[in-house]
Amino acid sequence: MKIKRGIEFKEGSFLENVNCYLQEAILKTNLDSRFPKQNIGERIMIPDRSVENKISLKMDDGSTRLLVGSRVQHNNNLGPYKGGIRFDVDADLQHTQALASNMTWKCALSEIPFGGAKGGLVVDPRILSESELERVSKGYIRAFADILGPDKDIPAPDMGTNAQVMAWMRSRYEDIYHGVISPGIVTGKPVGFGGSHGRTQATGFGVVFCAEELLGNLKNKTIVIQGFGNVGSHAALLAHRKGAKVISLIDPYLFGGGGALFNSKGLDVERIFKNPRDFQGNMAAEDAICIKCDILMPCAKESEINAGNMKKIQAKVIIEGANGPLTPPAHNYLLEKKVIIAPDIMANAGGVIVSYFEWLQNKQGEYWDESAIISRLERKMKRITKKTFLYAKKNEDMRLTAYSIAINAVAQAKNVIGAQ
Ligand code: GLU
């Protein structure tokens, strides 16, 4: 099957890749002819605001390191800006712009009243001590406090940050604003400090709910998961508990050896989840991603499946737990091979969906129990998956469909139409 594309699908930077998918959807939704002279296509592609700040970090040995942090506020047509903060060596401004744009589309597709944003700090958090991490987290919030706020722009965890980092950030923000209690300034906080049950598991569990909606019962389905961080580990656990056979887990940082664990009969995910560092890789990471399986869940980083390895991928279904794991040529090639691809802005929306539940609980001052949250998450994930799948019947491209639904919602919001 050959797919006719509206624009050329070539391998680019992460931002170019996101914009490539977006541009095709802008063309498909006929925005420019539906809203003449408003230049909506360009207006929804370019972020509202991109800020970079220098952040100095006092190291434990007394020396000072200068780091660059950024916050990109992409679009707030549907509500306050929302999106995580990534601490990673690659988290520069361009990267953060790509991720912020995807947050806009993720929130719109999920029908939650948020816009899209993202933060980045160019640093390897693994080399920082606990106290250095605390100082840099507080330094980040100090640098960006004036553009953030519980009804303005609400950060959350992403790669390299976690609930503890969110707790430091909330505390620092409240200090800056003279002790005004502001739990809703960040989501993904620890339970007991304004956090929500189920937030840590949310993205990984959401990936599994999405898979269930597309494939039905997961019992005995073979699954390969790339990345055993917060997303991949929780996806593996829930899939395993539902009777799926997780045959490979890939994470060179954790497992050593070749970087991947493999067992054709299914891995003991419960044990691996408890002590991942006790397990030694018995397969090369680049081979494991190509194993024949029912479902491949890339839950690591962007562009992991690209023109270089796309021809070796043997999965029938790909559920994107990570943001941007497939480059445009890989996406196109695999769709032509009839692989079902659940796009990131749909498949990994579970995190921001439970962030929304957390923000609501903070506003109400009333907290919900874990089972209520997980069942609301399940309903929402299955609804957005079903909606996208049904609309995609004609073009069989769920990514193009997901972007198109989201773009329509954002473009139709009142402050675009008629705004000058
Ligand atoms: N960092 C997560 C994402 O990429 C969650 C963002 C949030 O909860 O605001 O979707």
Side-chain angles (χ1 to χ4, degrees), residues 14 18 70-76 78-88 90-91 95-110 112-121 125 144 148-163 165-166 169-170 183-190 194-207 210 227 229-232 234-235 298-302 319-325 342-362 373 377 380-381 384 402 406:
F14 186 21
V18 167
S70 61
R71 184 75 183 164
V72 176
Q73 297 177 328
H74 178 261
N75 185 291
N76 66 352
L78 294 172
Y81 298 108
K82 182 84 190 82
I85 299 175
R86 178 173 289 203
F87 287 0
D88 184 66
D90 292 331
H95 233 76
T96 310
Q97 285 173 338
L99 290 160
S101 173
N102 265 0
M103 286 309 302
T104 300
W105 317 118
K106 201 181 293 188
C107 294
L109 181 71
S110 311
I112 53 178
F114 285 142
K118 202 82 175 196
L121 182 71
F144 292 99
L148 303 175
D151 292 300
K152 194 153 94 176
D153 181 356
I154 309 136
D158 197 77
M159 258 172 61
T161 56
N162 57 22
V165 169
M166 294 305 116
M169 289 184 167
R170 173 185 163 183
I185 175 60
V186 287
T187 57
K189 301 175 291 293
S196 173
H197 289 291
R199 176 63 186 82
T200 311
Q201 308 91 300
T203 315
F205 279 20
V207 168
C210 170
N230 187 47
V231 181
H234 285 101
C299 300
K301 286 185 98 167
E302 68 284 344
I319 316 272
E320 296 185 339
N323 290 310
D344 47 7
I345 59 169
M346 173 182 92
N348 71 33
V352 74
I353 289 171
V354 176
S355 275
Y356 170 55
F357 298 160
E358 178 174 334
W359 183 77
L360 281 180
Q361 292 170 80
N362 293 154
I373 288 164
L377 168 68
K380 210 156 186 36
M381 282 307 300
I384 64 172

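Counting starts at 1 for both ligands and their atoms, following the listed order.
Judged purely by distance below 3.5 Å, without hydrogens or angles, the side chains of N230 and N162 never pair a donor atom with an acceptor atom.
When the salt bridge (Lys or Arg N to Asp or Glu O under 4.0 Å) test is applied to K106, no partner is found at least two apart in sequence or on another chain. Among residues two or more places apart in sequence or in another chain, the ring pair (Phe, Tyr, Trp, His ring centres under 6.0 Å) test is passed with F114 by Y356, W359. Contacts of M346 classified as side chain to side chain contact (heavy atoms under 4.5 Å, CB included), with partners at least two apart in sequence or in another chain: L109, C210, A342, P343, I384, T385, T388, M398.
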One pair per line, please: each N/O atom of ligand 1 matched with every protein N/O atom under 3.5 Å away, atom names first, then the distance to 0.1 Å.
residue: ligand 1; atom: 1 (N); partner: P157; partner atom: O; Å: 3.0
residue: ligand 1; atom: 1 (N); partner: D158; partner atom: OD1; Å: 2.7
residue: ligand 1; atom: 4 (O); partner: K106; partner atom: NZ; Å: 3.1
residue: ligand 1; atom: 4 (O); partner: K118; partner atom: NZ; Å: 3.0
residue: ligand 1; atom: 4 (O); partner: D158; partner atom: OD1; Å: 3.4
residue: ligand 1; atom: 4 (O); partner: N323; partner atom: ND2; Å: 3.4
residue: ligand 1; atom: 8 (O); partner: R199; partner atom: NH2; Å: 3.0
residue: ligand 1; atom: 8 (O); partner: S355; partner atom: OG; Å: 2.6
residue: ligand 1; atom: 9 (O); partner: K82; partner atom: NZ; Å: 2.8
residue: ligand 1; atom: 10 (O); partner: K106; partner atom: NZ; Å: 2.8

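Summarising the geometry, atom NE2 belonging to H197 is positioned 8.0 Å from atom CD belonging to Q361; distances are rounded to the nearest 0.5 Å.
The two atoms that bring V207 and G321 nearest to each other are CG2-CA, 3.8 Å, heavy atoms only.
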